[in-house]
Amino acid sequence: MSEQNNPESTAPVRSLDFIRKRITEDVKTGKNQGQVITRFPPEPNGYLHIGHAKSININFGIARDFNGRCHLRFDDTNPEKEDMEYINSIQADVKWLGYDWGIHRYNASDYFDKLYEYAIELIKNGKAYVCDLTADQVREYRGTLTEPGKPSPFRNRSAEESLVLFEKMATGGFPEGACTLRAKIDMASPNINLRDPAIYRIKHASHPHTGDKWHIYPMYDFAHGISDALEHITHSICTLEFEDHRPLYDWFLDNITIDCHPQQIEFARLNLTYTVMSKRKLLQLVKENFVSGWDDPRMPTLCGLRRRGYPPQAIINFCNRIGVDKTNSTVEIEMLEYYVREDLNKSALRVMGVLKPLKVVITNYPENQVEEFTAENNPEDATAGTRSISFSRTLYIEQEDFREDPPKGYFRLSPGKEVRLKHTYYITCQEVLKDADGKIVELHCTYDPESRGGSTPDNRKVQGTLHWVSAQHAVEADVYWYEHLFSKANADDVPEGQPFTVNLNPNSLTVLTGCKVEPGLANAKPGNRFQFLRQGYFNVDLDSKPGHLMFNRIVGLKDTWGKAEKKQK
RNA sequence: UGCCGGAUCGUCCAAUGGUAGGACUGCGGCCUUUGGAGCCGUCUAUCUAGGUUCGAAUCCUAGUCCGGCAGCCA
């Protein structure tokens, strides 16, 4: 977590999204004295994922753009589902994206005393009552989408009686489920959220912050808007499914004595192809060991993407590009991967790593000779400097880079064919050695001493340039080769009655052992990112150690040949 | 059959009464000591039907389709 990010640096110039347009208008008309205060309100019951990154980038980004601020507030109204375990990870993830809430870190539970007072105010004004109906009965009385509900028999209980009962609820005088405090709104409302929604329920659970002080906990709709108002939030930005809750959000603030009424604005949450974003499903993948944990590099969680090696700036750039709208949408994951490549192309040092080694002996190269060559570290960045690489008689190349019977358009090595070994010499394949099963185990090649440095005096061209590693200098590594977590673009598209896990991609992880990499990588540290020439971008895994190097494949390079060949078939 | 939203290239987002544009993807080319990167080009879109208007993605009317909502979850 030493990595810091600056979300401002590459904010593209483009037209304002609908939220920023509205806020611009509010500022112009002097609403809220021109102030803009937003908040990011995660529930500490899970890890943040890239969908949250969209929300974080909206809320903190708007605060930055309008010279306001953004609060981090943990929406910890339900002690049964929440865990201190999640709080640190959430904070780490927000910081990793490059955002800072400063001193404005709050919890909904900070306001439990005030919330309780507001509930009493509602009761005294005849706008809330204690209801003894069971959960099942409440459901019955609520009616349906098309039929109005009917009033609870406790609806007209006196304020005095409700007050007494409410206090008894709060102090643990009732078992869980015995009763609730409900807002008295309209049982016939076409909006079900307004049919006397629960404000408080009884839970004899200890809370991570308030301990055993309370036996009742406020519901989201009541706590959220009031928390916003208490913090003087000006724009309460949330996702589309809360649209139907906005009248309730407004009702609470209109019916208590409070000096602030934030504006709730809804936007469409992010969906991505080839993955899932629901907390429930992510949790299931972890709990049922479909992945190694929340930070499995295949997960769309921020800690998973971090471990995978995604640069935070790439995620920010992606969020800026996908925009903000109210249309339900699913962004192609290729768009995300593009921004990862774009970032890494500029920043990742180039190295050579052979994933599936094929031994090559340069038969006309002196037995014990070793030559040093200078290699650029990043052709996109001159300041990245150069390094020295060792060349010798026995090397490894990629198995994929040799074909005994090359297809049309194959530029790499084949019998009699000449190719360039990156930065060094041209070699020509003279002989193919096989084992008893006919498997190719070794190549005998010759090199052209005239081609030293990668070009010849006669200006002879070769079509292919291969990456390679000197056998005696190579260091071994394991490579975790990742593909999309799901094999279907829409992971939820399953046959009737089947779980979404049937769409899990069986090839989402391939562990390659015995990979051969440049010796300079021996001391690579977790979190270091490299481009393995011609292969893709790789991140040193958290568990990697000198002597046991582990690389995660972040994303591949664009593979024009691979695509072309696939099409030929 | 209730309420609330939404509908523009394959995907995501612009254009708010005046030439439908960008990004990703795809396709083609140039270049290349990474079949990378870069550069150039290119395909594809306003849900439908009426109406208003010199002019409609945008305004009006009527439809169609899609999403969300019946936790003492958030």
Side-chain angles (χ1 to χ4, degrees), chain A residues 12 14-17 41-43 45 75 77-78 80-82 131 133-135 138-139 142-149 176-182 189-195 197-203 216-217 219-221 223-224 238-247 266 268 270 273 279 318 321-339 341-342 345-346 350 352 375-376 379-380 409-412 420-424 426 451 453-455 461-467 489 531-536 556-565:
Chain A
R14 62 205 307 259
S15 59
L16 297 179
D17 59 71
E43 184 186 12
N45 73 339
D75 224 331
T77 56
N78 187 349
E80 285 175 352
K81 294 168 61 181
E82 292 149 13
C131 176
L133 254 26
T134 65
V138 168
R139 194 174 310 122
R142 186 158 35 226
T144 69
L145 292 175
T146 52
E147 298 163 298
E176 287 191 10
C179 49
T180 54
L181 181 70
R182 291 226 257 165
S189 173
N191 181 343
I192 290 190
N193 295 122
L194 264 24
R195 318 239 264 231
I199 301 176
Y200 271 93
R201 75 290 214 188
I202 299 168
K203 281 185 190 293
I216 55 171
Y217 291 94
M219 299 290 290
Y220 165 85
D221 287 301
H224 198 88
C238 62
T239 42
L240 249 29
E241 69 271 24
F242 293 104
E243 217 156 8
D244 289 338
H245 293 242
R246 188 170 0 108
E266 311 85 11
L270 170 67
T273 54
K279 255 184 212 176
F318 168 75
R321 176 55 66 179
I322 57 172
V324 185
D325 201 62
K326 296 188 71 156
T327 315
N328 287 300
S329 63
T330 302
V331 179
E332 291 173 337
I333 200 160
E334 288 80 3
M335 175 107 65
L336 209 209
E337 292 173 343
Y338 170 81
Y339 288 99
R341 286 194 196 95
E342 182 192 55
N345 178 48
K346 293 183 200 119
R350 271 60 168 174
M352 293 197 283
E376 62 197 347
E380 303 290 324
Y410 189 79
F411 291 174
R412 284 107 103 144
R420 173 166 42 230
L421 257 21
K422 179 74 179 174
H423 299 304
T424 55
Y426 289 4
S451 66
S455 60
K461 296 294 176 202
V462 289
Q463 283 186 114
T465 300
L466 311 186
H467 61 276
Q531 184 196 100
F532 285 11
L533 240 43
R534 306 205 305 134
Q535 291 285 7
L557 260 18
K558 269 170 71 179
D559 182 10
T560 310
W561 164 245
K563 211 179 297 175
E565 192 185 28

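In this text, all values refer to a predicted model and were calculated from it rather than measured experimentally. We name chains A, B, ... by the order of the sequence lines, and we start the count at 1 in each one.
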**Item:** Rounded distance (Å) that lies between atom P of B:rG36 and atom OH of A:Tyr338
**Value:** 14 Å
**Asked** Would A:Glu266 and A:Lys326 satisfy salt bridge (charged side-chain N to carboxylate O under 4.0 Å, His left out), going step by step from the backbone distance to the final call?
**Response** CA-CA 7 Å; A:Glu266 311 85 11; A:Lys326 296 188 71 156; 3.7 Å; yes
Check nucleotides 7-9 of chain B against the protein and report each pair of N or O atoms closer than 3.5 Å, with its distance, or say if there are none.
none

**Message:** Can you say whether a donor on the side chain of A:Arg341 sits under 3.5 Å from an acceptor on the base of B:rG36, or the other way round?
**Reply:** no
**Message:** Does B:rG36 have its OP1 or OP2 closer than 4.0 Å to a side-chain nitrogen or oxygen of A:Arg350?
**Reply:** no
**Request:** Check whether the side chain of A:Glu334 and the base of B:rU11 form a donor-acceptor pair under 3.5 Å.
**Result:** no
**Asked** Reading nucleotides 67-74 of chain B 5' to 3', which nucleotides get B (base under 4.0 Å from a protein heavy atom), which S (sugar-phosphate only), which -?
**Response** SBBBSBBB
**Fill in**
Judged by whether its glycosidic angle lies within 90° of 0, B:rG71 is syn
**Prompt:** Does any donor-acceptor pair link the side chain of A:Glu380 with the base of B:rG38 at a separation under 3.5 Å?
**Reply:** no
**Item:** Pairwise C1' distance, B:rU58 and B:rG17 [rounded to whole Å]
**Value:** 7 Å
**Item:** B:rC9 and B:rU46, which share atom name P, separated by this distance in whole Å
**Value:** 7 Å
**Fill in**
Stems field, RNA chain B, Watson-Crick or wobble, 3.5 Å, at least 3 pairs, by first number, holds B:2-7 with B:64-69, B:10-13 with B:21-24, B:26-30 with B:38-42, B:47-51 with B:59-63
**Item:** Length of the CZ-P vector between A:Phe532 and B:rG35, whole Å
**Value:** 17 Å
